[in-house]
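Only this structure's heavy atoms are used, side chains among them; waters, hydrogens and symmetry mates stay out.
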Amino acid sequence: MLSILALGASCQVLAQEEPIKVGILHSLSGTMAISESTLKDTVEMLIDQQNEQGGLLGRELEAVVVDPASDWPLFAERARELLEQEEVDVIFGNWTSVSRKSVLPVVEELNGLLFYPVQYEGEESSENVFYTGAAPNQQAIPAVNYLHDELGVERWVLAGTDYVYPRTTNRILETYLKEELGVAEADILINYTPFGHSDWQNIVSEIKRFGSEGKKTAVVSTINGDANVPFYRELGNQGVDAADIPVVAFSVGEQELSGIDTGPLVGHLAAWNYFMSVDTDANYDFIDAWIEHSGDEEAVTNDPMEAHYIGFNMWAEAVRKAGTTEVDAVKEAIIGVTVPNLSGGYAAMMPNHHITKPVMIGEIQDNGQFVVVWETPSTVAGDEWSDYLPGSRDLIADWRKPMACGNYNVREGRCMGSDAEAQAEEALAE
């Protein structure tokens, strides 16, 4: 009887406290909705689970959802709305790098917290952003090494959507291919298409021609959003077999494959840090919870969902550690926080606001799932500044005091300072 009364009293206190507001900034319409709407639902599930456990600091969590509608400038407006009007304590959101860079000056100006769950091009470390997706050394570089070392690839098609993430990633990869693997410029074909691109016939024909000249060829794909559906469909239409020209994708997971016939795509690849097929109890529990939350027995999980799972749990642990949701206290408390991932290991938040992750190469199966064909023996720490871009080689990030800098130049011995406004303008102009 006493325990029942105590539970009732604790629930009454929980209800009386002001809720902790969690902002969700994901596109629910437009070209990126195919990928981002699932992430909105994931954060809502994590909030529900936390509330079932009693909330945080005795307070209930409340989701505040906005739709930036795949409109990059609108991301900044919606972020400002979340921080100034809704007064959220944290934001989980964004997919594309151009949307993140649009938001970056807003969260820095208003001292917000943003957890960003998607692989990206690096070349950034903000005091107000925690990057729980992969940096290039946790996805792009290992994928190229796998294609080169294991499959003997000699010619490279770098195909991407025309914005900052593919362009910067491909600049890194082009330098890496030339300097580290000795690839000739004639053996690298680079192609960009706009968001939502649907007519792939000529491009796939060009890929076939490029791959028919006597050297093993692969496609490294940074194509984003719903353009992937017609791209893969055209690969199948033109009989581009994975045994001849494998495609390794950085933005295609289980969610994107759920909309197409994967039969013709068997054997093509994706590089991620998590796949739904990972055989661990933690993963099975997550899948079961997701199916129950979505109400869909066929629902799939993917890598950015795991990144939100990790980021949400890191934020919650930092709040408990700090004893408050106050932003500066959470920023200080979160460095060094370690939480389980879904593949049987742990993720740690590093001083550069990136995390440790395993790297996996998955092969597409005819049921829309991936079989892991290669993975790193241990987790890899995210490298925010690439060693393969001239302007980045001398930079490091460490947000611990006294350095507290995201772009410290070790050669010049000084912090270069924030250029979030310039980054946003440049990204939006591309």
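Salt bridge annotation for Lys40-Glu44: present, with a cationic side-chain nitrogen under 4.0 angstrom from a carboxylate oxygen. A salt bridge links Glu81 with Arg78: the closest approach of a Lys/Arg side-chain nitrogen to an acidic carboxylate oxygen falls below 4.0 angstrom. For the pair Arg320 and Glu317, the salt-bridge criterion is met [side-chain N within less than 4.0 Å of a carboxylate O]. Between Arg100 and Glu121 a salt bridge is recorded (basic side-chain N to carboxylate O distance below 4.0 Å). Under the 4.0 Å criterion applied to side-chain N and carboxylate O atoms, Glu87 and Lys21 are not assigned as salt-bridge partners. A salt bridge is absent between Glu426 and Lys101: the closest approach of a Lys/Arg side-chain nitrogen to an acidic carboxylate oxygen does not fall below 4.0 angstrom.
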Q. Does the side chain to side chain contact (heavy atoms under 4.5 Å, CB included) test come out yes or no for Phe286 and Met45, once each step is laid out?
A. CA-CA 10 Å; Phe286 182 77; Met45 179 184 76; 3.6 Å; yes

**Q.** side chain to side chain contact (heavy atoms under 4.5 Å, CB included) between Glu77 and Leu74, worked out
**A.** CA-CA 5 Å; Glu77 295 180 31; Leu74 191 57; 3.6 Å; yes

Q | Audit row: Glu256, Tyr232, side chain to side chain contact (heavy atoms under 4.5 Å, CB included) steps and yes/no | A | CA-CA 10 Å; Glu256 288 74 20; Tyr232 277 92; over 6 Å; no

Q) What do the steps show when you test Glu412 against Asp394 for side chain to side chain contact (heavy atoms under 4.5 Å, CB included), and what is the final call? A) CA-CA 9 Å; Glu412 299 178 9; Asp394 297 326; over 6 Å; no

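For Asn352 (side chain) and Gly382 (main-chain N/O), a donor-acceptor pair under 3.5 Å exists by modelled atom type. A donor-acceptor pair is defined here as one N or O able to donate and one able to accept, closer than 3.5 Å; no such pair exists between the side chain of Glu363 and the backbone of Ile361. No side-chain donor-acceptor contact under 3.5 Å links Asn341 to the backbone of Lys357. A donor-acceptor contact shorter than 3.5 Å is absent between the side chain of Asp419 and the backbone of Ala422. Within the 3.5 Å criterion, the main-chain N or O of Val247 finds a donor-acceptor partner in the side chain of His268. Using a distance-only test at 3.5 Å, with no hydrogens or angles considered, a donor-acceptor pair links the side chain of Ser102 to the main chain of Trp72. Using a distance-only test at 3.5 Å, with no hydrogens or angles considered, a donor-acceptor pair links the side chain of Asn228 to the main chain of Ile223. Under the 3.5 Å distance criterion, the side-chain polar atoms of His354 are left unmatched by any main-chain donor or acceptor of Tyr131. In this structure a side-chain-to-backbone donor-acceptor pair under 3.5 Å is present from Tyr120 to Glu124. Side chain of Thr376 to main chain of Val359: a donor-acceptor pair is present (N/O by atom type, distance under 3.5 Å, no hydrogens or angles).
In the model, Trp95 has no side-chain atom that pairs as donor or acceptor with a side-chain atom of Ser251 under 3.5 Å. Using modelled atom types and a 3.5 Å distance limit, the side chains of Asn302 and Gln255 yield no donor-acceptor pair. Counted by atom type alone, Ser99 and Asn94 present one or more donor-acceptor pairs between their side chains at under 3.5 Å. Neither side chain, Glu123 nor Ser386, offers a donor N or O lying under 3.5 Å from an acceptor on the other.
To the nearest 0.5 Å, atom CD1 of residue Ile335 and atom CG of residue Asp398 are 7.0 Å apart. Between Thr262 atom OG1 and Phe370 atom CZ the span is 9.0 Å, to the nearest 0.5 Å. Residue Tyr163 holds its OH atom at 13.0 Å from CG of Leu428, rounded to the nearest 0.5 Å. Taken from CD1 in Ile20 to OG1 in Thr324, the straight-line distance is 8.5 Å, to the nearest 0.5 Å. Atoms CZ and CH2, on Phe231 and Trp200 in that order, are 6.0 Å from each other to the nearest 0.5 Å. Here the SG-CG distance, from Cys415 to Asn407, works out to 5.0 Å after rounding to the nearest 0.5 Å.
Ile355 places none of its side-chain heavy atoms less than 4.5 Å from the side chain of Thr379. Considering only heavy atoms from C-beta on, Leu173 comes within 4.5 Å of Asn170 through its side chain. For the pair Val371 and Phe275, the minimum side-chain heavy-atom distance is 4.5 Å or more. You'll find the side chain of Leu113 stays beyond 4.5 Å of the side chain of Val107, heavy atoms only. By the 4.5 Å heavy-atom criterion applied to side chains, Met350 and Thr356 are counted as neighbours. Side-chain contact between Ile207 and Asn191: absent, with no pair of heavy atoms (C-beta onward) separated by less than 4.5 Å. The shortest side-chain heavy-atom distance between Tyr309 and Thr42 does not fall under the 4.5 Å cut-off. A 4.5 Å side-chain heavy-atom check between Val129 and Leu104 finds at least one atom pair inside the cut-off.
For Thr31 against Ser70, the heavy-atom pair with the smallest separation is N-OG, 3.3 Å. Residues His26 and Pro117 approach most closely at CE1-CG, 4.3 Å, considering heavy atoms. Scanning all heavy atoms of the two residues, the minimum distance from Pro246 to Leu151 falls at CG-CD1, 4.2 Å. Taking each heavy atom of Ala159 and Val219 in turn, the nearest pair found is CB-CG1, 4.2 Å. Taking each heavy atom of Thr132 and Ala307 in turn, the nearest pair found is OG1-O, 3.3 Å. For the residue pair Pro264 and Gly236, the shortest heavy atom distance occurs at CB-CA, 3.9 Å.
Between Trp374 and Tyr146, the ring-plane angle classifies as tilted under the 30° and 60° cut-offs. Taking the six-membered ring where the residue is Trp, Phe130 and Phe115 present parallel rings, their angle staying beneath 30° rather than reaching 60°.
Applying the side-chain hydrogen bond (donor to acceptor under 3.5 Å, both in side chains) test to residues at least two apart or on different chains, the pairs with a partner in residues 276-300 are Tyr274-Asn283, Asp279-Tyr284.
Around atom CD of Glu332, no more than 12 heavy atoms belonging to other residues, nucleotides or ligands sit under 6.0 Å away.
Legend: residues meeting side chain to side chain contact (heavy atoms under 4.5 Å, CB included) with Glu180, ordered by chain and number and at least two apart, are Tyr176, Tyr388.
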